[in-house]
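Take a look at the structure set out below.
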Amino acid sequence: MKTNFSSLRIMLFAVLPLVGGSLVAQEFSSKPDAKPFQLTRYDKRIPADSWMLASMDLDVFFSSKALMKAVFENSDGPDAPPKVLVDLFTSGKMKMVMPYPIIFGLGGDADKPGNSPENNPIVMDFLKQRHQMGLYFNLSQMPDAVVSALYQQEASKGNLPLTEAEALELFRFVKQTLPPSHFGMNFKKGEFNLAGAVHDKGMAEKWPGKGLPKSLLNAIPASSMVVLGGSLNVEEANEDIQARLGQFLKIANLMQKIESPNEQPSLDLEAMSAQINAMTREMVGMDAKDLLQIFHGDFVMGVGIGFVKTAGGDIPEPQVVVGATVKEEGKLTLLLDALEANGAFADPMFNVVRRPGHLFICTTNLARQLKRGDLAKPIRGDARKALQDNHLAMFADMQKIMKAQARAGLDFLDRDDPEYTAMFEKLDSMILAARFEEGKMNSKLALQLRDPSFDALEFILQLGALDQLDHDSLD
């Protein structure tokens, strides 16, 4: 499996020794510190009004034998380093040493009164994460002068339909619409995680629900391979989404003016709402807002496969449940009647189960228990914790998926590739989650490996190599 890494090799041997003198170094460990967070003397050089920051702990990558092997595996070109150096790097006997991670970006003068990082809690939140690779954006701090300079440069070429005032208006809409955010990746032994935060006070106040009730958690069978759950304040979130959608439409219409200056704006929030209401009325006889009022905003889903033993062998049997908390029982009855009239429940595999304040749509093998109450064996452990601890979450038990796939003779990955299957067998679980806290929404994607000592960076490299090979074969 050959990959062209010549440019990366050049960077390793020529550019990186110079980086320390040109970028702001950062004294911190890639592992979270149990002590209270404190700014280093290098942190204090970062201005509060930064509008872009990037951080990298390059020592993590230079310490990976798997990465070094990937970089130097075809070191036979004219730019290749001497073979003796390649052998030293790939064997782990020698490595690039960069003990201080680096941070660089764009902003103002940190020495200006009031512009030290302590005065911006969002910058502080980013610095506290100590990501091995991180990005921070806050377009609200980007000066209009930057946009004006770019506009004048492009306008001199005579190909901009917007005036400078319109370009600045577009930029300000974008600044209002996109909240400050930061994201980062971390590679550990046995675990890879991608974490992020969107700092939006309005979203954090309006969107979250009160958490999933036990009645929904206990409706998901322990055999589930994949579970999803959410707890949202549906009505307030919907109003907030509509307001944000209005901002996005303004941006889209201004962009349309750039591409087609002679055409009238084609996107309108009121017209869009009317179209959606017309569609829902035709389908179920209700406006979209009435549909939202039926539910509290708590929902779960579980998907699994059971097996029925027969004389001819084990037969796979789907186990699926979708559950939600209900606020308006009367409107729910009207909705279900309309769906039934349209043939939505024609498949005998699925049943509708109603309990006070609850609706479940499930396979027949779960219906009897759900009518009585909680399942005898509901989800537990990491899957339950993921749904309990977050406002939105998905948990995939990769070992259950791979075992069910092998036992049922199915191919959930749709790859028919032994190498790809072997890679996924190294995974224990995957979590995708979001949680609202004061002033922000935290999100994460975490991949847990079966072997806690296996290098997560090596796993990502191997998976990426397989994807590249698959892509090359399609070409």
Side-chain angles (χ1 to χ4, degrees), residues 212 214-230 299-324 336 339-355 358-387 393-432 447-451 463 466 470:
L212 286 172
K214 289 183 179 179
S215 54
L216 286 184
L217 292 168
N218 290 339
I220 306 172
S223 59
S224 296
M225 302 179 298
V226 179
V227 300
L228 298 91
F299 67 91
V300 295
M301 180 177 180
V303 178
I305 292 182
F307 291 88
V308 179
K309 294 185 178 295
T310 67
D314 293 348
I315 297 177
E317 182 182 60
Q319 295 180 336
V320 179
V321 61
V322 177
L336 294 176
L339 291 173
E340 186 173 10
N342 291 331
F345 306 126
D347 191 335
M349 179 185 292
F350 290 96
N351 291 248
V352 176
V353 175
R354 293 183 66 173
R355 300 203 314 248
H358 296 78
L359 169 69
F360 301 100
I361 298 174
C362 62
T363 45
T364 303
N365 47 27
L366 298 174
R368 182 177 298 178
Q369 284 192 68
L370 287 174
K371 286 177 182 177
R372 293 197 301 262
D374 295 344
L375 295 180
K377 294 182 179 180
I379 57 166
R380 58 187 185 276
D382 291 339
R384 190 181 185 100
K385 181 174 173 58
L387 269 58
M394 182 199 77
F395 180 91
D397 189 320
M398 301 304 298
Q399 288 304 297
K400 285 182 180 177
I401 291 174
M402 302 310 291
K403 288 176 182 176
Q405 172 177 273
R407 188 175 176 185
L410 301 172
D411 185 8
F412 298 134
L413 303 176
D414 194 27
R415 287 281 183 164
D416 192 26
D417 184 342
E419 285 190 83
Y420 214 82
T421 300
M423 283 299 300
F424 274 86
E425 285 177 345
K426 294 180 181 180
L427 280 173
D428 182 72
S429 62
M430 178 176 71
I431 298 175
L432 181 63
L447 300 178
Q448 197 75 36
L449 302 178
R450 290 179 67 187
D451 182 354
L463 189 61
L466 282 177
D470 188 45

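One-based numbering along the sequence shown. When reading the values below, keep in mind they use all heavy atoms of this one structure, side chains included, and skip hydrogens, waters and symmetry mates.
The pair R450-D428 does not count as a salt bridge, with every side-chain nitrogen at least 4.0 angstrom from each carboxylate oxygen. Salt-bridge check for D451 with K426: failed, with every basic side-chain N at 4.0 Å or more from each acidic carboxylate O.
Taking the ring centre of F360 as origin, the terminal cationic atom of R354 falls outside the region bounded by 6.0 Å and 45° from the ring axis.
Judged purely by atom type and a 3.5 angstrom limit, T363 uses its side chain to pair as donor or acceptor with the backbone of V320. One N or O on the side chain of D397 and one on the backbone of Q399 form a donor-acceptor pair closer than 3.5 Å. When atom types are taken as modelled, the side chain of S429 and the backbone of A396 share no donor-acceptor pair closer than 3.5 angstrom. Side-chain N or O atoms of T364 include one that pairs as donor or acceptor with a backbone N or O of P348 at under 3.5 Å. Using a distance-only test at 3.5 Å, with no hydrogens or angles considered, no donor-acceptor pair links the side chain of E425 to the main chain of M402. Remark: the backbone N or O of I305 is not paired with any side-chain donor or acceptor of E317 at under 3.5 angstrom. Counting only distance, with no hydrogens or angles, the side chain of R407 and the backbone of D314 share no donor-acceptor pair below 3.5 Å.
Inter-residue side-chain proximity for L387 and M394 is flagged as unmet; no heavy-atom pair is nearer than 4.5 Å. By the 4.5 Å heavy-atom criterion applied to side chains, V227 and I379 are counted as neighbours. Side chains of F424 and T421 form no contact here, defined as non-hydrogen atoms less than 4.5 Å apart.
Side-chain atoms of N351 and R368 form no donor-acceptor pair, as typed in the model, at a separation below 3.5 Å. No donor-acceptor contact under 3.5 angstrom links the side chains of Q319 and S224, judged on distance only.
Residues satisfying the side chain to side chain contact (heavy atoms under 4.5 Å, CB included) test with D382, not counting sequence neighbours, are F395. When the side chain to side chain contact (heavy atoms under 4.5 Å, CB included) test is applied to E340, the partners found at least two apart in sequence or on another chain are F345.
Note that the CE atom of M225 and the CD atom of Q405 stand 9.5 Å from one another [nearest 0.5 Å].
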